[in-house]
Amino acid sequence: MTDLLVIIMALAIPAATGTLLVSLLLGVEAGAGEKVCLGFGAGLGLLTYGMFLMGLMKVPFTAAGAAAPQLALFIVIAVILYARLKPVRNRAADEHRGAGRLEVAVAAVMAVWVFLKIGFVLNETLVRPIYSWDAWANWSAGAKLFYYSRGLLLDGAREHFFGAGYRPFPGHPLHTTLLEVYSALWLGRFDEIYVKSWGFLYFVSMLGVVYWAIKREAGFFYGVAGAFFLASMPLLTWHAQDAYSDFPLSWYSLAAFVTFWRFMKTGSRGFLVLAGAFAAMGMFVKNEGLFFTAALGAVLFLYSAFERKPLVTNLFCFLLPVLVLAGPWLVFKSANDFGFGHTGGELKWLGDPNIRGGERTGVHWDIIVPALRQAFLSVNFSLLFPFWLVVSALGIKAVARTELKYLDLALLIVISGFVFVYLTLEKMSVLEGTGIYRNILTYAPVMLFASFLTLKAALESPGRRR
């Protein structure tokens, strides 16, 4: 019980700081619950970013040292918010839509299921140690080394430079690894159960982000339905219990898309700044986070150009947090030639590092059928892909005349990025199954969010009104 209280206190510090930061940027544009959910991920992203900078400066890792920047930022933002304090109406509350008795009854059943899944994930999180080989080999072994070394081991003369021997791919980002280090610092030991307890809070806050984002657009019933379908994805609830990085990346990609959507709907650049920040934080979770940043950046350019919005100002608001939060990591990777793939600094295109020693064999056209089978026939994501296709077909006209076309375009760019990698580089990620499943997990919540927005737009299209 003492360990649990310590972890709660440790995670409460970045969560509170992130919540205040989100409140500062969004003001009355979001409700309290939504700010807390978004703030949790924002705070943890800032936490690991700060620890990375500490590591670069060779400041020894300690619990107090890791928490101190968070507490300082908390105080600064609290003073600013206090100075701004005045009676306001919460705009998010003004958009509440009611629901009929039948909808309330169905929503109650779905809500019970969601809470059961939350309870299940909580129980598994608190009783299971790190149990998958990939999670241990790619993220946790390095975390344990950094914890006992109290730093990132950046002395080039040392045997385990930057975790060598414990981190098979030095180009993998550090968010998950440093979260485990932070948790262990507070516990005073590397406990393989509690160092990954933050995964449960990512799970709960993701459900909250989906609920409030959909509720605002389509009402209470659809908000609960969105959380219900998200919680029902077997692979998502499985990853929420383990310490693998695709799950946090799915959180940051969802948060980036939701805040980007809110920017297009409201014009508030606070949402755009958050979208850039969340995209950058995703790049510090996994290399694939680059796909989401590139997609949103490209679509922001198109949106600003075609909708005659301030292009330079919008790009500045989005790219500044990307440069600040992801820039140091990208420069560090480049300076050390760590690269982005599984082969170090050089990407061996038209081959695969996992077969024939990386021999170039041409475009991997044979992955197309297995990829479609795994997306549409696997139980890992329930009926997400068929649902997405059917809803997209029904709502194609509604999508074309609204900002949804930009959201869908960004999603398609992300999916295309993964397909390109499968066709030219990571063939075995598809043929062996686990790689493509984890990749889909990173954008599955975004696909769910976009599908519910499209469903709402299709049902309210002029042709369906009586």
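Because only heavy atoms are used, hydrogens play no part in the values below, and waters and symmetry mates are left out as well, while side chains stay in.
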Evaluate the criterion side chain to side chain contact (heavy atoms under 4.5 Å, CB included) for residue pair Phe220 and Tyr211; output intermediate values, then yes/no. CA-CA 8 Å; Phe220 163 77; Tyr211 167 74; 3.5 Å; yes
Check against side chain to side chain contact (heavy atoms under 4.5 Å, CB included), His364 and Asp366: CA-CA 5 Å; His364 309 143; Asp366 53 332; 3.9 Å; yes
Could you walk me through whether Ile130 and Trp139 pass the side chain to side chain contact (heavy atoms under 4.5 Å, CB included) test, one step at a time? CA-CA 10 Å; Ile130 300 164; Trp139 317 105; over 6 Å; no
Test side chain to side chain contact (heavy atoms under 4.5 Å, CB included) on Glu217 and Arg262 and set out the steps. CA-CA 10 Å; Glu217 302 296 330; Arg262 289 294 292 156; 4.0 Å; yes
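Atom CG of Leu73 sits about 12.5 Å away from atom CD1 of Ile13, to the nearest 0.5 Å. Note that CG of Leu230 and CG of Leu384 are 9.5 Å apart. Values are rounded to the nearest 0.5 Å. Here the CG-CE distance, from Leu152 to Met57, works out to 11.0 Å after rounding to the nearest 0.5 Å. Rounding to the nearest 0.5 angstrom, the gap separating the CG atom in Leu21 from the CG atom in Leu274 is 6.5 Å. The structure places CG of Asp242 at 7.5 Å from OG of Ser140, a figure rounded to the nearest 0.5 Å. Going from atom CE of Met206 over to atom CG of Leu38 covers 11.5 Å, rounded to the nearest 0.5 Å.
Side-chain atoms of Arg438 never come within 3.5 Å of backbone atoms of His239 as a donor-acceptor pair (strictly under, hydrogens ignored). A distance-only check finds a donor-acceptor pair linking the side chain of Thr17 to the backbone of Gln70 [under 3.5 Å]. Within the 3.5 Å criterion, the main-chain N or O of Val331 finds no donor-acceptor partner in the side chain of Ser334. Remark: the backbone N or O of Ile436 is not paired with any side-chain donor or acceptor of Ser429 at under 3.5 angstrom. With Lys35 contributing its side chain and Gly27 its backbone, the two residues share a donor-acceptor pair below 3.5 Å. A donor-acceptor distance shorter than 3.5 angstrom exists from the side chain of Ser253 to the backbone of Thr442, with no hydrogens or angles considered. Distance alone, capped at 3.5 Å, is enough to place a donor-acceptor pair between the Trp198 side chain and the Val195 backbone. Checked by atom type and distance alone, the side chain of Ser205 pairs as donor or acceptor with a backbone atom of Tyr202 at under 3.5 Å. Listed for the Thr454 side chain is no donor-acceptor partner under 3.5 Å among the backbone atoms of Ser392. No donor-acceptor pair closer than 3.5 Å links the side chain of Lys196 to the backbone N or O of Glu180.
The ring of Phe162 has its center closer than 6.0 angstrom to the ring center of Phe338. Aromatic ring centres of Tyr443 and Phe418: separated by under 6.0 Å. The distance between the ring centers of Trp251 and Phe278 falls below 6.0 angstrom. Side-chain rings of Phe318 and Phe263 stay apart, their centers remaining 6.0 Å or farther from each other.
The pair Asp246-Lys286 meets the salt-bridge criterion, since a charged nitrogen lies less than 4.0 angstrom from a carboxylate oxygen.
Within a 6.0 Å radius of CD1 in Ile368, more than 12 heavy atoms belonging to other residues, nucleotides or ligands are found. Heavy atoms from other residues, nucleotides or ligands lying under 6.0 Å from CG of Leu383 number 12 at most. Trp238 CH2: more than 12 foreign heavy atoms inside a 6.0 Å radius.
For Arg401 against Lys405, the heavy-atom pair with the smallest separation is C-NZ, 4.1 Å. Taking each heavy atom of Glu103 and Phe221 in turn, the nearest pair found is O-CD1, 3.4 Å. When every heavy atom of Thr125 is checked against every heavy atom of Ala240, the shortest pair comes out as OG1-O, 4.0 Å. Minimum heavy-atom separation, Thr237 to Lys117: CG2-NZ, 3.4 Å. Nearest heavy-atom pair, Gly171 versus Asn287, reported as atom, atom and distance to 0.1 Å: O-OD1, 3.4 Å. In plain terms, the two heavy atoms of Leu53 and Pro328 that are nearest each other are CD2-CB, 4.2 Å.
Contact check for Asn138 versus Tyr244: side-chain heavy atoms found under the 4.5 Å cut-off. Leu46 is not listed as a side-chain neighbour of Pro14, based on a closest heavy-atom distance of 4.5 Å or more. With contacts defined as side-chain heavy-atom distances shorter than 4.5 Å, the pair Lys265/Arg216 does not qualify. Annotation: side chain of Leu44 is in contact with side chain of Leu47 (closest heavy-atom distance under 4.5 Å). Contact of the Ile440 side chain with the Met447 side chain is not registered, since no non-hydrogen atoms from C-beta on lie closer than 4.5 Å. Using a 4.5 Å heavy-atom threshold, the side chains of Tyr303 and Met264 count as touching. At a threshold of 4.5 Å between non-hydrogen side-chain atoms, the residues Val22 and Phe40 do not count as touching. Residues Tyr252 and Met283 fail the side-chain proximity criterion, which asks for heavy atoms closer than 4.5 Å.
Counting only N and O atoms by type, the side chains of Asn439 and Tyr422 include a donor and acceptor under 3.5 Å apart.
Phe257 meets the ring pair (Phe, Tyr, Trp, His ring centres under 6.0 Å) test with no other residue; sequence neighbours excluded.
Among the candidates Phe376, Phe381, Phe452, the single residue satisfying the ring-ring contact (aromatic ring centres under 6.0 Å, His included) test with Phe387 is Phe452.
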